[in-house]
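Here's the structure we're looking at; comments come further down.
In what follows, residues are counted from 1 in the order of the sequence shown. We use all heavy atoms of the structure for the numbers below, so side chains are in, but hydrogens, waters and symmetry mates are not.
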Amino acid sequence: MTTATPTVPAGTQATGQTTRVARVRKRLNSRTATLVSIVIALLWTIPTFGLFVSSFRPEDQIKTTGWWNFFSDPQFTLENYREVLFSTSSSSGQLASYFINSLAITIPSVLFPLAFASLAAYALAWINFKGRDWLYIAIFAMQIVPLQMALVPLLKFFSTGVTVAGIQVLPAWDLVDEQKFAQVWFAHTCFALPFAVFLLHNFISQLPGDLMEAARVDGATHPKIFRTIVLPLITPALAAFGIFQFLWVWNDLLVALIFAGGGNETAPLTVRLAEMAGTRGNEWQRLTAGAFVSIVVPLTVFLSLQRYFVRGLLAGSVKG
């Protein structure tokens, strides 16, 4: 004896799903959710605000009282910023030159992955060739490899080149001073490409196929389609990855220290900030000012492109 399983009409399922979505949306827009969001924002912002206030306090005040005492005994000075930016002391200042080094490292380390990844993502999404899917899976799988595992092989590649069966295939780079920036650009580009290709591929693959077909009918080649159609449409994804990569490279210490060294010619801000802490980590007045000097550029980049950030991160998550 069999029992018939009742079926639920498709309209009923859609109505139920819509009801659940409306219920979740209502809860997220409630006063409780708004209050919780405000509390989280305050808890996140207060330490940063305290650091900002401390950067303008005299050294003796920073080391003896908490930042909140500024409101009961306000003492204001720009000496901390003058010291870290323009002081000739090797232990405290010269941050301006390291600021330029960080820009020289970060900007190419963002542009190179964006250029290579966008081309690769377009090819994997809209050009049919043998092994395309397996290549995409391999690129996706590379995201799980910790970058620390690649530091020694990359350093060996730069210092000794590549030798196969006793034959020198690629020579050593043998770079000095500012030339070492190229090693950092190469390393950051390699580390960023798997995630960049994955993110941009998800966005490009969901572009309307009719649009691509119409362009081909009009005689457009793949380079023209990529330049005139794809690039303008993937701006949110490019901006999202650009912000993510910029913040990562700007705040990086390990990769830049290994491949660029700690000299004045190539060391970024992060290396100098670590040195400014002092041997006992008690130079707080330097660190507070130096920290805000270091976040000016990434904060400006994020605020100017924030409208693209969420759109780009959500790109490719849903269809339709």
For the residue pair [X] and [Y], categorise the inter-ring angle as parallel (less than 30°), tilted (30 to 60°) or perpendicular (more than 60°).
{"X": "Phe112", "Y": "Phe116", "value": "parallel"}
{"X": "Tyr122", "Y": "His222", "value": "perpendicular"}
{"X": "Trp250", "Y": "Phe246", "value": "parallel"}

Tell me, do [X] and [Y] make a side-chain contact under 4.5 Å, heavy atoms counted?
{"X": "Pro113", "Y": "Phe241", "answer": "yes"}
{"X": "Thr189", "Y": "Leu193", "answer": "yes"}
{"X": "Val53", "Y": "Thr288", "answer": "no"}
{"X": "Ile62", "Y": "Trp67", "answer": "no"}
{"X": "Val197", "Y": "Phe140", "answer": "no"}
{"X": "Ile107", "Y": "Trp185", "answer": "no"}
{"X": "Arg31", "Y": "Leu35", "answer": "no"}
{"X": "Val271", "Y": "Pro268", "answer": "yes"}

Please report the C-alpha distance between Ile139 and Leu124 in whole Å, then the side-chain angles of each, then the deciding distance to 0.1 Å, and finally whether the side chain to side chain contact (heavy atoms under 4.5 Å, CB included) criterion is met.
CA-CA 11 Å; Ile139 294 175; Leu124 292 170; 3.9 Å; yes
For the pair Phe76 and Phe70, evaluate ring pair (Phe, Tyr, Trp, His ring centres under 6.0 Å) and give the outcome as yes or no after the intermediate values.
CA-CA 9 Å; Phe76 181 88; Phe70 173 83; 7.5 Å; no
I'd like to know if [Y] and [X] are part of one continuous hydrophobic network [Ile/Leu/Val/Met/Phe/Trp/Tyr, side-chain heavy atoms within less than 4.5 Å].
{"X": "Leu257", "Y": "Leu247", "result": "no"}
{"X": "Ile243", "Y": "Leu299", "result": "yes"}
{"X": "Met149", "Y": "Phe158", "result": "no"}
{"X": "Phe244", "Y": "Leu103", "result": "yes"}
{"X": "Ile127", "Y": "Ile234", "result": "yes"}

Within this structure, what is the [atom1]-[atom2] distance for the pair [X] and [Y], rounded to the nearest 0.5 Å?
{"X": "Ile204", "Y": "Ile229", "atom1": "CD1", "atom2": "CD1", "answer": "12.5 Å"}
{"X": "Gln183", "Y": "Ser159", "atom1": "CD", "atom2": "OG", "answer": "8.5 Å"}
{"X": "Ile225", "Y": "Leu211", "atom1": "CD1", "atom2": "CG", "answer": "8.5 Å"}
{"X": "Phe191", "Y": "Gln143", "atom1": "CZ", "atom2": "CD", "answer": "14.0 Å"}
{"X": "Leu147", "Y": "Leu154", "atom1": "CG", "atom2": "CG", "answer": "10.0 Å"}
{"X": "Gln245", "Y": "Leu199", "atom1": "CD", "atom2": "CG", "answer": "11.5 Å"}

Quick check: closest heavy atoms across [X] and [Y], and the distance to 0.1 Å?
{"X": "Pro232", "Y": "Arg227", "result": "CD-O, 3.8 Å"}
{"X": "Asn80", "Y": "Ser54", "result": "ND2-O, 4.0 Å"}
{"X": "Ala115", "Y": "Ser118", "result": "O-OG, 2.9 Å"}
{"X": "Tyr136", "Y": "Asn202", "result": "OH-OD1, 3.4 Å"}
{"X": "Pro58", "Y": "Gln75", "result": "CD-O, 3.4 Å"}
{"X": "Tyr81", "Y": "Ser55", "result": "OH-OG, 2.8 Å"}

Establish, from distance only, whether the side-chain atoms of Thr65 and Arg57 form a donor-acceptor pair under 3.5 Å.
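Short answer, yes.
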Measure centre to centre between the rings of Phe52 and Phe56, then say whether the value is under 6.0 Å.
yes
What about Phe186 and Trp173, are their ring centers closer than 6.0 Å?
yes
Look only at the side chain of [X] and the backbone of [Y], and say whether a donor-acceptor pair between them is shorter than 3.5 Å.
{"X": "Asp252", "Y": "Ala256", "value": "yes"}
{"X": "Thr45", "Y": "Leu42", "value": "no"}
{"X": "Thr266", "Y": "Lys180", "value": "no"}
{"X": "Asn101", "Y": "Ala267", "value": "yes"}

Hey, is [atom1] on [X] packed in by over 12 heavy atoms from elsewhere, all under 6.0 Å?
{"X": "Met212", "atom1": "CE", "value": "yes"}
{"X": "Trp248", "atom1": "CH2", "value": "no"}
{"X": "Asp210", "atom1": "CG", "value": "no"}

Residue pair Thr270, Tyr98: steps toward the side chain to side chain contact (heavy atoms under 4.5 Å, CB included) verdict
CA-CA 9 Å; Thr270 49; Tyr98 293 85; over 6 Å; no
Determine, step by step, whether Gln148 and Leu254 satisfy the side chain to side chain contact (heavy atoms under 4.5 Å, CB included) criterion, reporting the C-alpha distance in whole Å, the side-chain angles of both residues, the deciding distance to 0.1 Å, and the verdict.
CA-CA 9 Å; Gln148 291 83 355; Leu254 180 63; 4.2 Å; yes
Take Leu151 and Phe259, measure what side chain to side chain contact (heavy atoms under 4.5 Å, CB included) needs, and give me the verdict at the end.
CA-CA 9 Å; Leu151 295 179; Phe259 296 114; 3.8 Å; yes
